[in-house]
Amino acid sequence: MRQRLIVTGAVVTALTLTVPASAADAGPSPGAPGAGDSYYPDYGNGGYDASHYDLRLKYQPKTDELTGTATVLAKATQDLSRFNLDFALDVQEVRVGGRKAEAKATGAHELEVTPAEPIADGEQFSVVVRYKDVPSEVEVDGFTSWQRTPDGAVAANEPESAWWWFPSNDHPGDKATYDVSVAVPKGYKSISNGDVVSEEPAGKGWVRTAWRSDKPQATYLATLAVGKFDVTKGRTDSGIPVINAYSRELGAEDGSARASIERTAEITDWLQSVFGTYPFSSVGGYVPASDAHFALETQTRPFYGNTRFKEGTDVSVVVHELAHQWYGDSVSVAKWRDIWLNEGFASYASWLWSEKEDEGTAQEIADEVYDSHPADDEFWTVAPADPGAKNQFHDAVYDRGALALQALRNKIGDKSFFKILKGWPAKHEGGNARVEDFEKYAEKVSGKKLGALFDTWLRTSAKPTDPAFGATSRAGKGKSAPPESWEEIQAVHGAHRHH
């Protein structure tokens with residue numbers, strides 16, 4: 001992982017106490033080159049909040065050349081002498097407030113911008129970045145999130161993908177709205193988040209499509225795909241527009257991919273009965289010919305790697321990614337350590353779908369998870385409440401995280417449990433939250449003390465001796481055949497292992 005020297009809070013306090021008042025009021029200073037995340041210290045930036053990204057792009061699939069003009073609207077949170085954007089492509093020009101600014105590449109993926117004049121605390125300002133590069137030739141610390149395909153390319157990854165296609169404040173704590181306008185050669189299509197605003201000719205042999213995301217969106221949830229896509233459109237029974245897209249290069253996987261993704265409308269409406277009103281204006285999914293195995297909950301339009309469907313349909317992964325639209329997208333992590341709020345809940349949604357489809361109850365799946373991991377299994381050493389950057393996508397974050405929810409359900413009863421599942425995303429819609437926030441909310445709604453339960457399932461590095469699963473649990477009663485949905489649900493974990 002990329003590392004940056006971090007000064008601890010205690011040291012900062014000590015330094016502050018020894019700095020004369022005149023020095024403390026010395027004037028504008030540089031914004032921090034990181035957002036202060038313990039997992040990824042140099043991801044994101046300090047000194048400003050982004051509110052909107054306007055991305056005007058042109059992409060040539062044959063050469064992988066991407067040309068862009070990004071306009072970032074932001075508000076300073078301190079007196080700024082300079083600030084950083086996270087970006088890895090070659091920059092041609094930067095302007096701040098309409099005036100040329102000095103810009104230079106620093107660190108692994110930092111664009112350091114010095115405006116012609118300092119920016120005052122609280123001031124609204126704009127940043128225009130013009131750039132041109134071949135993203136597939138750009139690596140950061142030996143990896144890339146830009147996926148080339150036979151018919152184009154895809155930007156989709158977690159915890160980072162923005163660096164390869166637009167400059168940003170790349171941390172989920174700074175969400176913004178988006179306008180993404182993409183010109184591609186005729187015969188190709190661009191896919192992004194949100195709604196299609198327009199589609200029109202863009203000069204000889206080119207077509208430009210404009211996409212809009214009008215609800216707050218984290219940078220890693222922004223996506224771009226260009227290829228020869230077959231696009232299907234429809235609506236859910238509740239009236240939500242559905243846009244799905246499939247590469248024409250999928251070959252034998254085309255049928256199983258469509259049979260899975262085309263259930264998006266049905267699953268979205270069912271999820272509304274579990275998590276409450278869908279938080280966005282459209283929904284869908286896309287499958288490029290990327291040879292990727294993972295899937296990602298890119299906002300309103302999840303990405304599905306085509307190899308997910310080599311062995312047939314995979315509806316559980318669709319349930320998982322769509323559940324993230326509530327848990328992870330609408331309500332995003334405050335810090336990356338809070339990843340349980342994403343993965344534990346999306347995993348449990350697949351358990352609930354299995355229960356609905358009569359392929360194994362959530363309780364039976366919980367029993368299978370508990371019995372499948374002996375006490376000395378590494379699985380029990382990973383604490384979902386703070387798994388560490390190396391274990392961010394560990395099976396324990398998914399399955400042990402879901403076990404915590406089953407234990408909570410048994411402890412407080414279905415009425416309070418499902419009230420919490422709907423109330424939480426409504427309370428924090430469009431925002432960010434911590435694991436501790438959810439724990440307090442669950443105690444408030446249920447009226448029960450739940451500290452010991454959450455410590456057992458989210459923080460203790462040992463297998464719980466009392467699974468607290470309730471009277472229907474088979475724990476300690478001997479092994480039986482796994483639920484019918486077991487293998488498909490387990491495969492979802494592999495779908496979330498990224499670079």
Side-chain angles (χ1 to χ4, degrees), residues 1-3 37-40 142-143 157-159 293-296 308 316-317 320 324 327-328 333 335-351 354 360 362-408 410 435-436 438-439 451-469 473-483 485-499:
M1 293 298 171
R2 289 144 292 287
Q3 298 294 324
D37 195 293
S38 61
Y39 285 12
Y40 308 104
F143 79 94
N157 207 350
E158 183 183 13
H293 187 71
F294 72 90
L296 183 64
R308 297 291 313 150
S316 286
V317 76
H320 186 104
H324 274 310
Y327 284 86
V333 296
K335 302 287 186 181
W336 279 112
R337 64 176 291 176
D338 300 308
I339 191 67
W340 172 69
L341 291 174
N342 293 12
E343 302 304 347
F345 290 78
S347 296
Y348 195 74
S350 293
W351 294 14
S354 171
Q363 182 66 67
E364 290 168 341
I365 298 168
D367 290 337
E368 186 68 25
V369 171
Y370 184 85
D371 290 349
S372 295
H373 298 281
D376 60 354
D377 194 320
E378 178 193 58
F379 178 89
W380 300 110
T381 68
V382 176
D386 187 4
K390 291 182 179 180
N391 289 322
Q392 187 175 347
F393 302 110
H394 193 282
D395 285 356
V397 177
Y398 296 76
D399 268 350
R400 188 177 176 185
L403 284 177
L405 292 174
Q406 183 62 27
L408 175 64
N410 289 335
V435 170
E436 293 80 5
F438 179 83
E439 293 177 33
L453 182 146
F454 285 122
D455 284 347
T456 295
W457 292 103
L458 299 181
R459 295 181 177 86
T460 304
S461 296
K463 184 174 183 175
T465 53
D466 178 8
F469 283 151
S473 174
R474 75 165 191 236
K477 299 178 182 178
K479 182 72 172 172
S480 61
S485 60
W486 175 251
E487 293 298 331
E488 185 173 294
I489 287 175
Q490 290 301 295
V492 172
H493 301 179
H496 263 233
R497 294 193 184 99
H498 311 298
H499 71 259

Q) Can you name the residues that form a side-chain contact (heavy atoms from CB on, under 4.5 Å) with D377, not counting sequence neighbours? A) H373, P374, F379, W380
Q | Charged N-O contact under 4.0 Å between D386 and R337 | A | yes
Q. Heavy-atom distance under 4.5 Å between the side chains of W457 and L405, does that happen here?
A. no
Q.
The criterion is side-chain hydrogen bond (donor to acceptor under 3.5 Å, both in side chains); which residues satisfy it with S485, sequence neighbours excluded?
A. S354
**Q.** Distance-only side-chain donor-acceptor flag, D395 / Q490, under 3.5 Å
**A.** no
Q.
Contact between P387 and H394 at the side-chain level, heavy atoms closer than 4.5 Å - yes or no?
A. no
Q: Specify whether F438 and F345 have parallel, tilted or perpendicular ring planes, treating 30° as the upper limit for parallel and 60° as the lower limit for perpendicular.
A: perpendicular
Q.
Does any part of the side chain of E158, heavy atoms only, come nearer than 4.5 Å to the side chain of F294, both counted from C-beta?
A. no
Q) With E488, which residues qualify under side-chain contact (heavy atoms from CB on, under 4.5 Å), at least two apart? A) D314, V315, S316
Q | Main-chain N/O of G388 paired to Y39 side chain as donor or acceptor, under 3.5 Å | A | yes
Q.
Tell me if a side-chain donor or acceptor on N410 pairs with a main-chain N or O of A407 at a distance below 3.5 Å.
A. no
(Q) A side-chain contact here means heavy atoms from C-beta on lying under 4.5 Å apart; do V397 and Q392 qualify? (A) no
Q. Who pairs with T381 by side-chain contact (heavy atoms from CB on, under 4.5 Å), at least two apart in sequence or on another chain?
A. E378
Q. Taking only residues two or more places apart in sequence, or in another chain, which ones meet W351 in a ring pair (Phe, Tyr, Trp, His ring centres under 6.0 Å)?
A. Y348
Q.
For V435 versus L341, what's the shortest heavy-atom pair and its separation?
A. N-CD1, 3.7 Å
Q: State which residues pass side-chain contact (heavy atoms from CB on, under 4.5 Å) with A349; sequence neighbours excluded, sorted by chain then number.
A: L271, F275, V319, A323
Q) Nearest heavy-atom pair of I365 and I489: which atoms, and what distance? A) CD1-CD1, 3.6 Å
Q.
With rounding to the nearest 0.5 angstrom, report the CD to CG distance, E343 to D399.
A. 11.5 Å
**Q.** Expected output: side-chain R459 to main-chain A383 donor-acceptor under 3.5 Å
**A.** no
**Q.** Side-chain donor or acceptor of W340 paired with backbone N/O of G401 under 3.5 Å
**A.** yes
Q: Flag the pair K335 / S38 as yes when at least one side-chain heavy-atom distance between them is below 4.5 Å, and no otherwise.
A: no
Q: Could you check if a side-chain atom of S372 sits within less than 4.5 angstrom of a side-chain atom of W486, using non-hydrogen atoms only?
A: yes
Q. Would you say the side chain of Q406 lies within less than 4.5 Å of the side chain of Y370, judging by non-hydrogen atoms?
A. no
(Q) Can a donor-acceptor pair be found, under 3.5 Å and without considering hydrogens, that links the side chain of R308 to the backbone of A295? (A) no
Q. From D37 CG over to D338 CG, what is the distance, rounded to the nearest 0.5 angstrom?
A. 8.5 Å
